[in-house]
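The next block holds one structure in the form of structure tokens; read it before the comments.
The first residue of the sequence shown is numbered 1, and numbering continues consecutively from there. Just so it is clear, the values below take in all heavy atoms, side chains as well, and ignore hydrogens, waters and symmetry mates.
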Amino acid sequence: MNLNVKHIYIFLVFIFSVFSMHSAAQNVECEDTCRHIHGIDISHYQGDIFWETIGENSNMAYVYIKASEGGDRKDHRFEENIRMARRHGLKVGSYHFYRCKTPQEVQLRNFMEQCLPDEQDLVPMIDVETTSGLPTQQFCDSLLKFLELVEEAYNQRPLIYTGTNFYNKHLLGKLDRYLIMIAQYTSQEPVLADERDITMWQYTGKGHINGINGYVDKSRFMGHHSLRELRFRHRRIKNSTFVR
């Protein structure tokens, strides 16, 4: 091997090694490198899920499953997902995507038809991402009325999911009674403008996990927080109007 060919060979080996290390680093997930309590949230967008693989071969402790949206949308994979997730050992909760221009009572009924107390390990979660063009105060009045209805129906306060920017723009000082999950897809832990306590952090919308093809949202508990704070208290439920 002449000198020039040898140099080219060494260079190519170096490039391949760097690429391989970079690819390996990309495959390292947050739950592989820390001791926080991790989980996922899913909907029909994840398609077919191999729950046995997730339950037996992952570090996921919980899953929030989309149940409903607005006044009439129901996630068509919800029943299968919640049944299989529980069967394979994950703590499960259900979430509703809030549409503030739809009457709150209609949305509550839609959610209650899906989110049955006997199937829940974790408190309900309300996904808050859009004002639908309403002024902030009008939007907040609508949201808070809905949250009160959810709390009355399930006799426990729901968890609120929203993003850092959305919270800072529309929700400052409005959710002090509620635990919150904040979505922020950066390497830095989220800090809100009012520096309020954050229970959970959804740190990526492009996570990977064996058992799900494609991307999945991943989250973890912050600081001293734990699953115990989100435990669904079944003994508090007295309402018999939950039907599917």
query = Are Leu227 and Leu90 connected in a single hydrophobic cluster, I mean Ile/Leu/Val/Met/Phe/Trp/Tyr linked by side-chain heavy atoms less than 4.5 Å apart?
reply = no

task = Check Thr130 against Phe139 and note the closest heavy-atom contact, atom names and distance.
result = O-CE1, 3.5 Å

request  = Starting at CD of Glu119, measure out to OG of Ser94 and round the result to the nearest 0.5 Å.
outcome  = 7.5 Å

query = With a 3.5 Å cut-off and no angle check, do the side chains of Tyr185 and Gln202 form a donor-acceptor pair?
reply = yes

message = Tell me whether the count of non-hydrogen atoms from other residues, nucleotides or ligands lying under 6.0 Å of OH in Tyr178 goes above 12.
response = yes

Side-chain donor or acceptor of Glu229 paired with backbone N/O of Ser226 under 3.5 Å = yes

query = Measuring from Leu175:CG to Leu143:CG, what's the distance to the nearest 0.5 Å?
reply = 6.5 Å

message = To the closest 0.5 Å, what do you measure between CD (Gln104) and OH (Tyr98)?
response = 4.0 Å

ask   = Atom CE of Met181 and atom CG of Leu230: how far apart are they, to the nearest 0.5 Å?
value = 8.0 Å

inquiry  = Would you say that more than 12 heavy atoms from the other residues, nucleotides or ligands in this model lie under 6.0 Å from the CG of Asn210, or not?
reply    = no

query = With hydrophobic residues grouped by side-chain heavy-atom distances under 4.5 Å, do Leu122 and Phe111 end up in a single group?
reply = no

query = From Arg244 CZ over to Leu116 CG, what is the distance, rounded to the nearest 0.5 angstrom?
reply = 4.0 Å

request  = With sequence neighbours excluded, tell me which residues meet ring pair (Phe, Tyr, Trp, His ring centres under 6.0 Å) with His76.
outcome  = His44

remark   = On a heavy-atom basis, the closest approach of Ile37 and Tyr62 is O-CE2, 4.0 Å

ask   = Can you hop from Ile212 to Ile82 via hydrophobic side chains spaced under 4.5 Å?
value = yes

Parallel, tilted or perpendicular: rings of Tyr154 and Phe232 (30°, 60°) = perpendicular

task = Would you kindly confirm whether Leu159 and Leu147 end up in one hydrophobic cluster when ILVMFWY residues are joined by side chain heavy atoms under 4.5 Å apart?
result = no

inquiry  = Determine whether Tyr64 and Asp217 satisfy the following criterion, side-chain hydrogen bond (donor to acceptor under 3.5 Å, both in side chains), listing intermediate values before the conclusion.
reply    = CA-CA 10 Å; Tyr64 266 100; Asp217 298 336; over 6 Å; no

ask   = What pair of heavy atoms forms the shortest contact from Cys115 to Gln120, and how long is it?
value = SG-CD, 3.6 Å

Leu134 to Lys101 - nearest heavy-atom pair and separation = CD2-CE, 3.9 Å

key: Where at least one partner belongs to residues 120-144, residue pairs that pass salt bridge (Lys or Arg N to Asp or Glu O under 4.0 Å), sequence neighbours excluded   = Arg86-Asp121

message = Main chain of Pro117, side chain of His234: is a donor-acceptor contact present, judged purely on distance under 3.5 Å?
response = yes

ask   = Does a salt bridge link Glu148 with Arg177, judged by any charged N lying under 4.0 Å from a carboxylate O?
value = no

ask   = With a cut-off of 6.0 Å (strictly less than), are more than 12 heavy atoms of other residues, nucleotides or ligands near CD of Glu52?
value = no

query = So Phe146 and His96, would you call those rings parallel, tilted or perpendicular, with 30° and 60° as cut-offs?
reply = tilted

inquiry  = Among Glu189, His36, His38, Lys218, exactly one meets side-chain hydrogen bond (donor to acceptor under 3.5 Å, both in side chains) together with Tyr203. Which residue is that?
reply    = His38

task = Give a yes or no on whether Arg73 atom CZ has more than 12 heavy-atom contacts from other residues, nucleotides or ligands under 6.0 Å away.
result = no

inquiry  = I need the minimum non-hydrogen distance between Ser43 and Lys66, along with the two atoms involved.
reply    = CB-CB, 3.6 Å

Gln184 versus Thr186, side-chain donor and acceptor atoms under 3.5 Å = yes

ask   = With distance as the sole test, does Thr162 use its side chain to make a donor-acceptor pair with the main-chain N or O of Val128 at under 3.5 Å?
value = yes

ask   = When rounded to the nearest 0.5 angstrom, what distance separates CD1 in Ile180 from CG in Asp197?
value = 7.5 Å

request  = Answer with yes or no whether the hydrophobic clustering places Val123 together with Tyr95; edges join I, L, V, M, F, W, Y residues whose side-chain heavy atoms lie under 4.5 Å apart.
outcome  = yes

note = Residues pairing under salt bridge (Lys or Arg N to Asp or Glu O under 4.0 Å) where one sits in residues 153-168, two or more places apart or in two chains, turn out to be Glu151-Arg157

inquiry  = Testing the basics here: between Ser219 and Met200, what is the closest heavy-atom pair and its distance to 0.1 Å?
reply    = OG-CE, 4.3 Å

